[in-house]
Amino acid sequence: MSLGNSFGLCFFHSLLSQHQTKAVKSSLLVFRQLLQSNLKPSDLTFSLLIKASASSSFASNSLKPKLEANQIHTHLFKSGIIQLAYIRTGLLNLYVNLGCVKNARFLLDEMPDRDVVAWNALISGYSKNGHDFLAFNLFIEMVREGFRPQATTLVGLVPSCGRLEFVFQGKSIHGIGVKAGLDRDSKVKNALTSMYAKCGDLEGAEILFEEMVEKSVVSWNTMIGAYGQNGLYGEAMFLFKKMRAQAVEANSVTVMSLLSANADRETIHCFAIKSGIVNNASVVTSLVSVYAKCGDSESAELLHKSLSHENLVSLTALISSYAETGNMNKVVVCFARSRQLNMELDAVAMVSILHGVKNPAYIAIGLAFHGYGIKTGLCIHCLVTNGLISMYSRFNDIEAVFSLFSGMQEKPLISWNSIISGCVQAGRAGDAMELFFQMKMYGYVPDAITIASMLSGCSQIGYLQYGKKLHCFILRNNIEMEDFIVTALIDMYIKCGSIELAERVFRGIKEPCLATWNTMITGYGISGFENKALNHYAELRKRGLKPDKITFLGVLAACIHGGDVDKGRRYFQIMTEEFGISPSLQHCASMVTLLSRGGYFEEALLFIRNMECDPDSAVWGALLDGCCIHQEVKLGEYLGKKLYLLDHTNGGLYVSMSNLYASGGMWDDVARVRQIMKDTGGDGSSGASLIELTS
DNA sequence: TTAGGGTTAG
């Protein structure tokens, strides 16, 4: 090599080294300039090029770095430098950082002299990219080929055990580490602590943490995170105080772990500002997330805007908070922002957007995002398909749901759950049953969510016997009686007509949540047990729980069934004045039912006139039903015309009109209405009654 | 080594 060549190379090498620390122009561009200067790259040049590309690949979410990696690969191949083991491993690392695990696997397979370092790189690469099973299988392959694991191997693999909740396998790896003396390594210890916590073995995590003589900030963060993940928020905060008392300086991860451990967001935000940690982009992103989750979109948006480089995670946190409330206009604004920034959405962002498509008015937006997903390839992710399944089932488009489901290459339990709950939501409990049997045939074990959906399906079709079987399944399989499953179980017994069994389940719960109380109150209300419903309401208040909109729907239903107009009026007043709940159309329809059934037509009309929102067909229909009871034919006819103009396809209207004329003995008119019903194809909705004989 | 956005349930 001439002196000139050597000097020139040194110049380009220093340029490439800068790429590892600064965000400058493409490292491949520098490399091309080097070639144009007629300089011959050495293996060091390539090593620096790979490192520079790897360090700049994290920030971007575009295709460009992947294409650059392929170009580097070609240069290495052409120059023959790819033969060097350390260069191959460097390239493998680059692919792994870019998420191109298939290319990385190809490199390892083609490596004639692969060493532990290359195995480690791919194992940790699989793990970092969420391919936990692949990481595990590769580890087994490595050991079978006679390679001895190193501390780095375990550090790469152990997080996969945590994510898969493979506590047994994690313990085996812990054992391998102890035998080989690798468990003394602090990184291995921290990784194992985190693994035990993620597997729910908090005691295991605590033992490892206590054993550590020198606890680094990472160790403290791991244990704070461990408490947070297991719901012990007080312990997480206590440990943070202990860490500070021992003069260990907190870092960005400490703040993030505390935020996800439900610590007071404003206190932690202040701490982050005071300690200067708030300049960290990940911390700001976490803050955006917690503010967005609690509904403080204004603060979340301000924080998001304060980021020097907006990132997809932070934007997704905003999208998700808007989607939760169905504010699709804001969601679309966020999406437009991502386009402005040339940001490609990922599967999580897509799922968040789809979650917001709840209102039929936004079906077109949902379809457009489905198209976007197909175009960008995001629909391949089963996460996105699950999101689409849920979206289409919200609109009862069961054909689309089945087509998406049958096209899935892998069908994890969550996908079965999505389609089963989708069928139930779309009123197709029979299909849900069929899928449930298929799912079991494929060897999947239903979880609490499957069972809750199935219970809701049983409620829909009044299938008490199968509901009881599901109850037994819960008991046999020790499925934790979480609030939602208890509520679904009680709801099933009520809807299947067995209030006694619902009461038995309810009595077995120590601290029922509001949803469970609401289910019981509504259940009593619709079953005609007015006093029991109101006693339960009183008991709920005695326990310090704050009733919500659903509670009052149940309470009003009870008053309607008991025909107790005075109590109904009083509870409506309590709802609006004491609890500041603005009445929904359903509450208004209940009040109109109560008043008109009691014969208070003037009051009912006044009530409708004073409503804050426009009365819908349910409200007018409630008044019409009152007319049927009290033979108010004149008013009833007026309401019938009004309802016809609002929705002439409503079959219930003809039934009510027929009842109205019958109440006044106007049989000719009854016959006329029935003839119209026959001519237009019945009352528009067929009904079915079902009783189940029990032994 | 630790951490930030998401889906399925009432």
Side-chain angles (χ1 to χ4, degrees), chain A residues 124 151-152 154-156 158-159 162 185-195 197-198 216-226 228-229 251-261 280-290 292-293 300 304 311-321 323-324 345-355 381-391 393 412-422 424-425 447-456 459 482-492 513-516 518-519 522 550:
Chain A
S124 105
T152 320
L154 303 194
V155 166
V158 166
D185 182 289
S186 66
K187 286 183 185 168
V188 173
K189 269 195 177 132
N190 290 331
L192 285 167
T193 309
S194 167
M195 181 275 293
K198 288 211 172 78
S216 70
V217 64
V218 177
S219 319
W220 287 97
N221 289 348
T222 309
M223 207 53 222
I224 290 172
Q229 286 148 22
N251 64 14
S252 56
V253 180
T254 323
V255 170
M256 285 188 275
S257 304
L258 286 167
L259 287 173
S260 53
N280 180 291
S282 300
V283 169
V284 178
T285 305
S286 297
L287 284 166
V288 170
S289 163
V290 289
K293 267 191 194 137
H304 176 78
N311 63 69
L312 184 62
V313 174
S314 174
L315 198 63
T316 309
L318 280 181
I319 289 178
S320 160
S321 71
E324 185 64 37
L345 295 190
D346 66 1
V348 175
M350 258 296 270
V351 165
S352 312
I353 292 176
L354 295 174
H355 185 57
H381 292 260
C382 87
L383 211 73
V384 175
T385 317
N386 289 339
L388 286 166
I389 288 179
S390 308
M391 181 186 83
S393 37
L413 181 64
I414 194 164
S415 305
W416 287 95
N417 285 350
S418 296
I419 193 166
I420 289 173
S421 88
V424 173
Q425 271 180 50
D447 67 358
I449 292 173
T450 332
I451 300 299
S453 302
M454 286 302 298
L455 285 168
S456 165
S459 314
E482 286 176 76
D483 289 339
F484 74 86
I485 203 152
V486 165
T487 312
L489 193 59
I490 292 176
D491 189 56
M492 181 276 295
C513 71
L514 184 64
T516 315
N518 287 350
T519 308
T522 310
I550 315 283

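Since we're looking at a predicted model, the values are computed, not measured. A, B, ... follow the sequence lines: proteins, then strands. Residue 1 opens every chain.
- Remark: P of dT7(B) and CD1 of I389(A) are 15 Å apart, rounded to the nearest angstrom.
- Regarding I420(A), its CD1 atom lies at a distance of 15 Å from the C1' atom of dT7(B), rounded to whole Å.
- As judged by a 4.0 angstrom heavy-atom cut-off over every strand, T316(A) is placed among the base-contacting residues.
- Counting distance only, with no hydrogens placed and no angle test, the side-chain atoms of N311(A) and the base atoms of dG5(B) include no donor-acceptor pair under 3.5 Å.
- For Q425(A) and dA9(B), the CD to P distance is 5 Å, given to the nearest whole Å.
- Atom CE of M195(A) and atom P of dA3(B) are 13 Å apart (whole Å).
- Remark: A323(A) engages V331(A) in a side chain to side chain contact (heavy atoms under 4.5 Å, CB included) (not counting sequence neighbours).
- Atoms CE (M454(A)) and C1' (dG10(B)) sit 16 Å apart, rounded to a whole Å.
- Nearest nucleotide to the side chain of I449(A), out of dT8(B), dA3(B), dG4(B): dT8(B).
- Atom CD1 of I414(A) and atom P of dT7(B) are 9 Å apart (whole Å).
- Residue contacts shown for V218(A) include a base, since a base heavy atom lies under 4.0 Å away.
- Remark: C1' of dT2(B) and CG of N280(A) are 13 Å apart, rounded to the nearest angstrom.
- Here the side chain of V348(A) is nearest to one of dG10(B), dT2(B), dG5(B), namely dG5(B).
- S352(A) comes within contact range of the sugar-phosphate backbone alone, with a heavy-atom separation under 4.0 Å but no base atom that close.
- Under 3.5 Å, the side chains of S282(A) and T285(A) contain no donor-acceptor pair of N or O atoms.
- For W416(A), the ring-ring contact (aromatic ring centres under 6.0 Å, His included) partners are F405(A), Y442(A), Y444(A), not counting sequence neighbours.
- Among the atoms of the strands shown, only primed sugar atoms or phosphate atoms (P, OP1, OP2) are found under 4.0 Å from some heavy atom of S456(A).
- Between the side chain of T487(A) and the base of dG10(B), no donor-acceptor pair under 3.5 Å is found.
- Nucleic acid contact for V351(A): sugar-phosphate only, since backbone atoms but no base atoms lie under 4.0 Å from a heavy atom of the residue.
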